[in-house]
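One structure below.
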Amino acid sequence: MAPSDLRRPYKRPQLSDQQRRRELSLKRQEQSRDAELHARRLASTLLSLPPEQQPSESEPEPEPEPGSSSDYDLRDASKLKGPEARKWFAKQLMLPEWMIDVPHRLPHDWYVLPRPAGKRCFVVSSDGTTISRQRNGTILHRFPSALPHGSRNRDGSGPPSYSILDCIFHEMDQTYYVIDMVCWKSYSYYNCTAEFRFSWLESKLAETKARDPPSYYHKYRFSLVPWYDCDLSGLHKAYTGEVPFVKDGLLFYNRHAHYQPGNTPLALVWKDEYCSQYVIDTDNKGQVPSHQQVVLELQDDGKVTTSDDPPVVFSCLNLEFIQQSGLESGCLLRFAIGDGGLTIVDGKLERADLHYLGKSNRARAFADTYSKIMFQNMVRGSPLRIDDLVASISSSVDGASIPDVEMICG
Amino acid sequence: MAMEITQYLLAAQSADARVRTEAESNLRQFQEQNLPAFLLALSVELANNEKPIESRRLAGIVLKNSLDAKDAVTREHLAQQWMAVDIAFKSQIKELLLQTLGSSAPEARHTSAQVLAKVASIDIPRKQWPELIGYLLNNMTQRDSPAGLKQSTLETLGYICEEISHHDLGQDEVNSVLTAVVQGMNLAENSSEVRLAATRALYNALEFAETNFENEMERNYIMKMVCETALSKEAEIRQVAFECLASIASTYYHVLETYMQALFELTSNAVKGDVEDVALQAIEFWSSICDEEIELQEYESADSGDSGPPHSRFIEKSLSSLVPMMLETLLKQEENVDQDDSIWNISMAGGTCLGLVARTVGDAILPLVMPFVEANIVKPDWHCREAATMAFGSILEGPSIDSLSVLVRSGLDLLLRLMNDVNNQVKDTTAWTLSRIFEYLHSPAGGYSVISTDNLPRVVDVLLESIKDAPNVAAKVCWAIYKLAEGYEEAGRHSSLFTPYIPRIIESLLFAASRADVDDSRLRSAAYEALNEVVRCSNIKETAQIMRELLPVILQKLSQTLELQIVSSDDKEKQADLQASLCGVLQVIIQKVSSTDDLEIRSIIMTQADQIMFLFLNVFACRSSTVHEEAMLAIGALAHATGPEFEKYLPEFYKYLEMGLQNFEEYQVCSITVGVVGDIVRALNDKVLPYCDGIMQHLLRNLSSEALDRSVKPPIFSVFGDIALSIEENFEKYVPYAVPVMQRAAELCAQMDPNDDELMEYGNQLKCSIFEAYSGILQGFKNSKSEVMLPYAQHLWQFIELVLKEKQSDVHLTKAVAAVMGDLADVLGTNTKALFQDLTACANFLRECLGSDDDDLKKTATWTQERIQSIMVA
């Protein structure tokens, strides 16, 4: 007697390997398709996002129609959503976390590069023009460039396409320092590792005249930032080496990490007084405040949190205070950290001595991240020093030849 | 002609091929010239008691085949043909068929019942034969009806219930059918033939009895009759009665409480003492109860708090008797059973049921099973040892990982030693148990594993030794290796623990795949599948060198298949199987190697690409009319890996691509080829242009074909999007052909029956793919010629609105809608302003998307919102 189909997989695999191969192929195809579309969609926003969103107060608000007040209306929203648009935009950049402890295996898995001081921006070239946009979505420059389709001068740039680079604009020599590549000639590098992106970046840029001095069709020079394996000599070069720009700390990239929009612990920033003029945050007058200041986001329930996903809660405001001060959820608020400081237990924040200062600057899209607050906090007390990095690299190199006991047991 | 049909029907069964062919051709001629007369002649033949039974039987079969076919398109065509037959002919045919039900020849009666059900399957849903049921019931209620007529009438009723949906009958008709059937089961009044036919009919009619099972009196009556029938003295009738009980267990689980005591006794007596065929059905009853309770538990844990259907915990309540009963069956193994064939015996059914019980009750099964395992695993009789390992292997899914891990840790050593047992079946089951242990208790990435650095060396040693055992054992060992490797998939640093063993494992698997001492296709494919998993789960940074060495070995093997001597069709099949396995391995290697961005590792494929492609093309050339599915899959991976370099292969490969796209019969092949088109256009971008006319023609033809399995159509729409993205404004010339087809498909979506779940699921796939096509085409025109799509914007918008109204919850589709809205605004800009005038629905939809848990969906919706805003303020 034959078994019923339902009971057939007796002592046998339930799913054939062939079926698995088919499914994995489909998955790969779907991911490739999504990556293609995502890159194009991002490019259009970069190109056409309005240069600056008007603050909503400057426009008279139309009276809401009776009965429709609960309906969310896109046309109204379009006037209000400036910060939303900025947020969306800023989430497309990969944002390094601040280094608050030294990652393992620095020499094996990480690159280090000196970070130019300046404005972090996306540069997109397409359809005869080039636009750079800062983290908050505002346009920095609209200019002709030698990037593919970056100017009207179409000599041999091939079929229409767009390219997107992750850069830092350095005021002093008016140069865009390219730190990463997101798209090149419509080919998306999102799903590629840092290792791959970095190794292609140089040769792709060399295909164009983007590194040439400025000219009529090429308003700003593009330049590469040197990157090194994060071993002792690499770290030394990045830390002390001569560079044509003003250094503002060091960037660390995990070589296996994809270009991941938003905050990521797989890219890190670190600085000390030697390699940066801006180690401790200053206020808007350029002064170092006596107490550390932080910007946090107010939630529905009165909690104030960082911009991490998931957010880290720093404190909870009382509701009466929220109402009196006319605060709404989503507001970004500025606080000073009082003498009570931050209480950390088992690596987790337990309590913060926060003093409310006021609402934050409107141009900000995000609250601070946890790593930034902690880094700033450490800088004021016991900072992570270059010696700590050196020590970690040395121990990691020594440890590489013997089996990693901790790893096997874990 | 009518006079001669008997001769033709007899000749068509002649041993002489020439006579047969001629007769068949004559019959076909008759059928083509005058179908109604032909069908009538066949029914006259079937009804005529004077005619030889051979010609009557064939007449019935030909008649049946004129009404029904396996494949849906032909079936629909035949139904239309029947509907077109003149009513006068149809009435006569039906009359003759009904008359035959009372024939003295049992075979003619039986054939007629089958044909009647086919006619009914066409006519009843179309309300063309309202009097049929009444007529049949009359056969049952006439006091002087002969037993033969009652038997074939019940058979007819059963077949009809099998063919039609219960929506096609009124409740009155259902009631009468059930009454007639249940009365037919009555012991006092009916012969055994009638009771058997009645019980079978009930089995088919159970689905129709929903209302009757809600009514306590009617339910009691039906249950009483089934239980009585389960005690009939004829084994065949008992077997069918137990089949009814198993079916009732799944369909009417929620009303079984009252009967459970009786059912328990009935089934346990059958399991313990009845003949095997009856015992199997009694076990099936409990397996079905488990299925129901497992589903209820999944439902409960999915939406807790919701008052779902009742969970009666039958398994938990009967656990202490049920488990020993199943354990007993495990000791009734047959000697030398080839498990992969169509054999299903009591120990297999018992083991399967035990596994389901474990999944139902979890930890509670352990104290009932473990003493049995411990007592039997050391006994000298191999039956005991095999039953013990079988019992242990069966309960590894369900109980908590913690409880099981403790047991496995203390028992693993014993199991490994059993791999050296003297008995083949003990080793077979032990290897299977090991694979289950790896499957359920070995997940370093999940934070638990019974495999440690301490026992891994020994586990690997034992497996690699046993892979040299008899082929059935070796194949199970391959599967255990598969599961062992699977545990290290995406296990980060844990996967490094496995790396040192990979070279030896690969060597052993290659050895098992081409063992000289046995020629066993199952072992061969199990070995290659395990090899695939080892490659897939390895840490590519650490195994790059292994892959570099493995690739030429597999290529060499594939090359050898081209040299094989092909004499018989068996040779041909063996060659094709071997090529399938090897192409599978190549696909996995290519995909693995190209998944890394390390250029040096990727060069493993790049430097061998010419050779790989050369072999694939030769594999294709081994067949004349069909393409090789596995080679096709592998080529997709290769195109993805090589990128623009693939261009040089396209001139040679193109004809096979076309062949794949035309393979409607093996629609999987067609579907895979469509996916490969996507891989190729993405790899080549506009270099694919010279081939696009041909590809688009095939795709458009496939979309318009009725004969192609519908599951291939959504991927075709998606690939339209891929092509447009790759060739950008060059897609313009296809727009007038492609977009109208998309529009028609969108309209088809609007007309689908929302009550048909299966159809709606297909509808969702179709909608998704149409939106993907629009997204790709729109974005493809972004850099130039976007105006080409303007005339189609309105229709697309209507389709979007339609989908928004449906309030469906498929996240994939939601994402596709959100994206295409943004693409419209993004690419067509302010031209679409008018479309976005009535924004309420759209705004509500986007707001819902923004509140979703799905990150991708949120990102897409934010982008779309931003795009729409930017045109609204412009």
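Bear in mind that the values here come from a model prediction, so they are computed numbers and not experimental data. Protein chains get the first letters and strands the later ones, always in sequence-line order, with residue 1 at the start of each.
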Practice problem: Heavy-atom pairs under 4.5 Å with chain A are the metric here; pick the option from B:Arg602, B:Glu276, B:Lys483, B:His812 that has the most. | Solution: B:His812
Quiz item: Which residues satisfy the side chain to side chain contact (heavy atoms under 4.5 Å, CB included) test with B:Lys592, sequence neighbours excluded?
Solution: B:Val535, B:Ser538, B:Ile540
Quiz prompt | NZ/NE/NH1/NH2 to OD/OE distance under 4.0 Å, B:Glu486 and A:Arg20 | solution = yes
Quiz item: Taking all atoms of both residues into account, what is the closest heavy-atom pair of A:Arg33 and B:Val719, and its distance?
Solution: NH2-N, 4.4 Å
Exercise. Show your reasoning for whether side-chain contact (heavy atoms from CB on, under 4.5 Å) applies to A:Arg21 and B:Gln591.
Key: CA-CA 10 Å; A:Arg21 289 199 293 279; B:Gln591 194 142 328; over 6 Å; no
Quiz item: With only heavy atoms counted, which part of B:Asp823 is less than 4.5 Å from chain A, the side chain, the backbone, both or neither?
Solution: side chain
Quiz item: Under a 4.5 Å heavy-atom cut-off, does chain A meet the side chain of B:Gln779, its backbone, both or neither?
Solution: both
Exercise. Name the option with the most non-hydrogen atom pairs under 4.5 Å to chain A; the candidates are B:Asp722, B:Val827, B:Asp856.
Key: B:Asp722
Practice problem: Please step through side-chain contact (heavy atoms from CB on, under 4.5 Å) for the pair A:Arg28 and B:Ser595, ending with a clear verdict. | Solution: CA-CA 10 Å; A:Arg28 170 176 54 72; B:Ser595 70; over 6 Å; no
Practice problem: Taking all non-hydrogen atoms of both residues into account, name the closest pair between B:Leu633 and A:Ser25 and its distance. | Solution: CD2-OG, 3.4 Å
Exercise. Among the options B:Gly636, B:Ser394, B:Gly829, pick out the one with the most heavy-atom pairs lying under 4.5 Å from chain A.
Key: B:Gly636
Exercise. Measure across B:Trp863 and A:Arg41 and return the closest heavy-atom pair with its distance rounded to 0.1 Å.
Key: NE1-O, 3.0 Å
Quiz item: Among all residues two or more places apart in sequence or in another chain, which pass the side chain to side chain contact (heavy atoms under 4.5 Å, CB included) test with A:Leu26?
Solution: A:Gln29
Self-check item: Engaged part of B:Leu725 at the chain A interface, taking heavy atoms whose separation is under 4.5 Å
Solution: both
Quiz item: Side chain, backbone, both or neither: which part of B:Ser718 has a non-hydrogen atom closer than 4.5 Å to chain A?
Solution: both
Exercise. Could you have a look at B:Thr864, B:Asn532, B:Thr433 and say which one has the most heavy-atom pairs with chain A under 4.5 angstrom?
Key: B:Asn532
Quiz item: Which bit of B:Ala819 is near chain A, if near means a heavy-atom gap under 4.5 Å: side chain, backbone, both or neither?
Solution: both
Practice problem: Let me know if B:Val588 has heavy atoms under 4.5 Å from chain A in its side chain, its backbone, both or neither. | Solution: side chain
Quiz item: Hey, is CD on A:Glu207 packed in by over 12 heavy atoms from elsewhere, all under 6.0 Å?
Solution: yes
Quiz item: Distance from B:Glu772 atom CD to A:Glu30 atom CD, nearest 0.5 Å?
Solution: 7.0 Å
Self-check item: Value rounded to 0.5 Å, distance of OG in A:Ser32 from CG in B:Asp679
Solution: 6.5 Å
Quiz item: Checking heavy atoms, do the side chain of B:Lys541, its backbone, both or neither come under 4.5 Å from chain A?
Solution: side chain
Exercise. With a 4.5 angstrom heavy-atom cut-off, could you sort out which part of B:Glu629 is near chain A: side chain, backbone, both or neither?
Key: side chain
Self-check item: Toward chain B, the part of A:Arg255 with a non-hydrogen atom under 4.5 Å
Solution: neither
Quiz prompt | B:Gln587 side, atom CD; A:Leu24 side, atom CG - distance, nearest 0.5 Å | solution = 8.0 Å
Exercise. Considering only NZ, NE, NH1 and NH2 on the basic side and carboxylate oxygens on the acidic side, decide whether B:Arg536 and A:Asp17 come within less than 4.0 Å.
Key: yes
Quiz item: In terms of heavy-atom pairs under 4.5 Å, which option from B:Ala475, B:Gly393, B:Gly678, B:Gly584 contacts chain A the most?
Solution: B:Gly584
